[in-house]
Every structure is written in structure tokens, then in C-alpha cells.
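First comes the structure, then the notes that go with it.
Values in this document were obtained by computation on a predicted structure and should not be read as measured data.
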Amino acid sequence: MMIMPSVAMAWQKDYTVKSPDGVDIAVQEAGNPAGRPIVFIHGLLGSHIDWESQLHSPDLLRYRLITFDLRGHGLSGKPQDAQAYGDGRRWADDLRAVLEVTKAENPVLVGWSLGGVVVSNYVAAYGDDEIGGLVYVGGVIELKAELLKPHPEVYAGLASDDLKVHLDAMRDFLALCFATQPDQVTFERLLSNAAMASWIMTRTVPSMTVFAAEGLPRIKAPMLMLYGEKDALVMAHPSLERARALNPAVRSQIYADSGHAPFLEEAQRFNRDLADFRESVSTR
């Protein structure tokens with residue numbers, strides 16, 4: 001019998017942060033407001049709802065769980081200027097603004113897919129002296145053909161002005177995120193979520209500036225990279241090789257049964273691994 005409300009909903013906070021270039025960034029918090037912070041950065045065509053399996057996890061609820069919607073996504077501002085998305089430093093500045101307003105002390109940053117680029121760009125611009133640890137999940141290291149699996153028709157469709165073509169490409173892109181597809185309700189919610197994203201942003205991101213070559217060598221904090229063996233979007237092993245060439249201290253795990261989204265496909269394992277990592281860096 002359900003006689004108590006969900007612990008996951010015991011505390012929740014939503015507010016807006018202003019980025020240096022004036023974009024409103026929607027921020028959400030859950031978990032334990034006095035806990036050690038974990039900041040989640042979603043990927044292309046996502047939002048904070050991508051992290052539902054983490055925000056309701058018994059393994060993670062003791063932490064202060066901070067999510068935010070990247071520019072052009074979810075409830076955040078959607079500039080009409082392509083340069084607002086092509087300049088990778090602006091995405092780093094958004095994360096900086098979130099960290100400054102939340103006053104998160106020694107947070108662990110968790111970047112999924114494009115969120116990995118945001119993390120790398122952040123460290124290139126600001127260093128990691130105030131960061132407890134970094135987790136890349138299916139992380140994009142660089143937007144280069146040798147690190148990404150080719151899906152030219154999907155990406156052409158995402159850039160299309162034709163509404164039907166654009167929406168069908170979003171559905172196909174989302175399906176590629178999973179080796180094991182989520183249930184229908186979850187998939188439809190994520191697809192609706194993707195449809196909220198800025199078209200200008202979606203077209204511009206493939207050419208945004210990525211500063212991994214500057215950022216990754218600067219990282220001194222513990223760094224963990226998690227990839228799904230069945231990832232259909234990012235080449236896991238070449239990406240790890242590139243990351244290690246830039247920073248040999250990278251630690252890694254491969255999730256054998258996951259595609260591009262191990263935090264959803266193998267959520268229980270991921271949540272335990274993240275909690276263990278958060279604990280291991282708590283004294284930094």
C-alpha cells in the first residue's frame with residue numbers, strides 16, 4: 001500500500017539563472033539540499049527530464065541533485081542567433097552561471113553526450129579547481145567523424161525545414177540513443193521533449209567549437225568515462241583512446257548491455273556507480 005508520498009518529491013526547487021549573454025537558463029534541484037552536489041548536463045535534444053531515473057534513485061537521493069536545461073532546450077531560452085549556439089564558450093558560460101548561483105561546493109559534473117562537450121569547454125575556460133570530479137556518459141569528446149557513427153540521413157533530417165522530415169528525424173535520432181528501447185510512455189515523453197528544442201540550435205550544434213584539446217589536459221580532478229558497448233551514435237573505444245591521449249588519468253567503464261544512454265538503460269548500475277564515484281571524491 002502507498003501510504004507515504006515519494007521521498008524523491010520531498011524537496012524540489014525550480015528557478016532561472018541568467019547567462020552572461022542574457023539567455024535564461026532553467027535550473028531544477030531535487031534530493032537532499034544539504035547533500036554533496038551532483039550537477040547533470042543533458043545531451044542534444046534533451047532536458048532535465050532525461051535524468052528522471054537519477055532524481056528518483058534511492059542511491060542518489062542523499063545528494064543535492066542539480067539539473068538544468070541547456071540553451072535552446074527544454075524550458076531555457078532559445079536565441080534566434082546561430083552564433084549563440086556555434087560559440088562553444090557560451091555553453092561553458094551557462095554552466096558557470098549555474099555553478100555560481102547554486103554555490104555548489106566541489107560538485108561532480110555529469111555530462112551526457114553533448115553534455116560532455118559542455119564539460120570539456122567549461123574546464124578549458126575555467127579550470128577544475130572548484131570541481132570535485134567529472135563523469136562523461138556516452139560523452140562526445142570531439143565532433144569529428146572518426147569519433148562519431150555516421151547517420152547522414154538522420155542529421156540531414158534534423159536540419160530540414162520540412163516539419164514532417166524534421167520530426168521523423170528526431171524520432172530516428174532518439175531511437176538511436178538506446179540499444180534497448182524505453183517503454184512507450186517514456187519514449188513519447190522524450191520525443192515531445194526533443195520537439196521543444198530550437199531548430200536553429202539543432203542545425204548549428206554540429207559545427208560548434210569544442211575545446212577538448214585545451215580542456216581535458218587541464219583536468220586534475222578524478223575523471224570517469226562511461227560508455228555503452230552498443231552505442232549507435234558515439235564510437236566508444238576510439239573516444240576513450242582520444243580522451244586518454246589528452247589525459248592519461250581517465251578512468252573508464254563499459255556497460256555491455258547499453259547503447260548511448262546507460263544512465264537510463266542500466267539505471268540501477270549507473271546510479272550505484274555514480275554514488276560510489278561521488279563518495280570517492282568527497283574529500284577533494
Side-chain angles (χ1 to χ4, degrees), residues 6-13 27-43 46-70 92 95-96 98-120 122-123 126-139 215-216 218-228 240 243 247 249-255 258 261-284:
S6 170
V7 175
M9 299 306 294
W11 181 75
Q12 185 171 327
K13 183 179 179 181
V27 183
Q28 310 80 29
E29 298 195 38
N32 177 6
R36 300 185 185 103
I38 303 175
V39 179
F40 297 90
I41 305 111
H42 66 80
S47 79
H48 66 279
I49 70 169
D50 291 347
W51 304 108
E52 287 292 299
S53 295
Q54 285 62 60
L55 301 181
H56 295 82
S57 166
D59 292 307
L60 298 176
L61 285 177
R62 64 184 182 271
Y63 303 111
R64 183 184 177 195
L65 306 175
I66 302 170
T67 59
F68 69 98
D69 295 346
L70 294 171
L95 175 54
R96 181 67 171 183
V98 170
L99 295 178
E100 287 181 342
V101 170
T102 59
K103 295 181 171 58
E105 184 175 349
N106 292 323
V108 164
L109 305 181
V110 182
W112 175 42
S113 193
L114 181 65
V117 170
V118 177
V119 170
S120 297
Y122 174 88
V123 178
Y126 298 104
D128 72 342
D129 289 344
E130 300 174 358
I131 304 301
L134 307 98
V135 181
Y136 289 67
V137 189
L216 282 171
R218 295 188 65 184
I219 295 176
K220 303 179 294 295
M223 178 170 36
L224 176 63
M225 293 193 171
L226 308 176
Y227 287 92
L240 281 171
N247 189 324
V250 169
R251 292 152 46 190
S252 66
Q253 290 188 37
I254 299 294
Y255 283 47
S258 286
F263 64 94
L264 197 156
E265 296 174 85
E266 295 183 69
Q268 289 187 343
R269 175 186 172 185
F270 175 86
N271 294 339
R272 289 193 298 267
D273 288 342
L274 179 55
D276 289 344
F277 182 80
R278 173 66 270 192
E279 289 302 304
S280 74
V281 305
S282 62
T283 58
R284 173 177 160 80

- Message: Could you report the tightest heavy-atom contact between Ala267 and Ser53, atom names first, then the distance?
- Response: CB-CB, 3.9 Å
- Would you mind telling me which of Arg96, Lys103, Lys220 makes a salt bridge (charged side-chain N to carboxylate O under 4.0 Å, His left out) with Glu130? Arg96
- Item | Check against side chain to side chain contact (heavy atoms under 4.5 Å, CB included), Ile41 and Val119 | CA-CA 8 Å; Ile41 305 111; Val119 170; 3.9 Å; yes
- Note on the structure: Sorted by chain and residue number, the side chain to side chain contact (heavy atoms under 4.5 Å, CB included) partners of Pro107 (sequence neighbours excluded) come out as Pro37, Val39, Leu99, Ala104, Leu109, Ile131
- Note on the structure: To the nearest 0.5 Å, atom CZ of Phe40 lies from atom CD1 of Ile66 at 9.5 Å
- Note on the structure: Nearest heavy-atom contact between Asn247 and Leu216 is ND2-O, 2.8 Å
- Start with the C-alpha gap between Met225 and Val250, add the side-chain angles, then the distance that decides, and say whether side chain to side chain contact (heavy atoms under 4.5 Å, CB included) holds. CA-CA 7 Å; Met225 293 193 171; Val250 169; 3.8 Å; yes
- Which of these passes side-chain contact (heavy atoms from CB on, under 4.5 Å) with His42: Val118, Val137, Leu114, Leu70? Leu70
- Query: Are Arg36 and Glu105 within salt-bridge range, i.e. N to O under 4.0 Å?
  - Reply: no
- What is the minimum heavy-atom distance between Leu274 and Val135, and which atoms define it? CD1-CG2, 4.2 Å
- Item | Side-chain ion pair, Asp273 and Arg269, N-O less than 4.0 Å | yes
- From Asp50 atom CG to Phe263 atom CZ, the distance as rounded to the nearest 0.5 Å: 5.0 Å
- Message: Under a 4.0 Å threshold between the charged nitrogen and the carboxylate oxygen, would Arg218 count as salt-bridged to Asp128?
- Response: no
- Query: Taking Thr102 for the side chain and Val98 for the main chain, is one N or O donor matched with an acceptor at less than 3.5 Å?
  - Reply: yes
- Any chance CD of Glu100 has more than 12 other-residue heavy atoms, nucleotides or ligands included, within less than 6.0 Å? yes
- Note on the structure: Here the gap from Tyr136 atom OH to Ser113 atom OG, rounded to the nearest 0.5 Å, amounts to 12.5 Å
- How long is the gap from OH on Tyr122 to CD1 on Ile219, to the nearest 0.5 Å? 11.5 Å
- Which atoms form the tightest heavy-atom contact between Gly31 and Pro33, and what is the distance? O-CD, 3.6 Å
- Within a strict 4.5 Å, meaning less than it, do heavy atoms of the Val110 and Phe270 side chains meet? yes
- Between CE on residue Met223 and CG on residue Leu134, distance to nearest 0.5 Å: 7.0 Å
- Query: Only one of Arg278, Glu279, Gln54 clears side-chain hydrogen bond (donor to acceptor under 3.5 Å, both in side chains) with Tyr63; which?
  - Reply: Glu279
- For Val123 and Gly215, which heavy atoms make the closest approach, and how far apart are they? CG1-O, 3.5 Å
- Task: Enter the distance from Gln253:CD to Leu226:CG here, rounded to the nearest 0.5 Å.
- Result: 5.5 Å
- Are the side chain of Asp69 and the backbone of Val27 linked by a donor-acceptor contact shorter than 3.5 Å? no
- With no hydrogens and no angle check, is any side-chain donor or acceptor of Ser47 less than 3.5 Å from a backbone partner on Ile49? yes
- Message: Going by the rule side chain to side chain contact (heavy atoms under 4.5 Å, CB included), which residues pair with Ser258 if we only count those two or more places apart in sequence or in a different chain?
- Response: Tyr255, Pro262, Glu265, Glu266
- Item | Sole candidate of Glu52, His48, Gln28, Glu29 that passes side-chain hydrogen bond (donor to acceptor under 3.5 Å, both in side chains) when paired with Thr67 | Gln28
- Item | Plane angle bin for Trp51 and Trp112 - parallel if under 30°, tilted between 30 and 60°, otherwise perpendicular | perpendicular
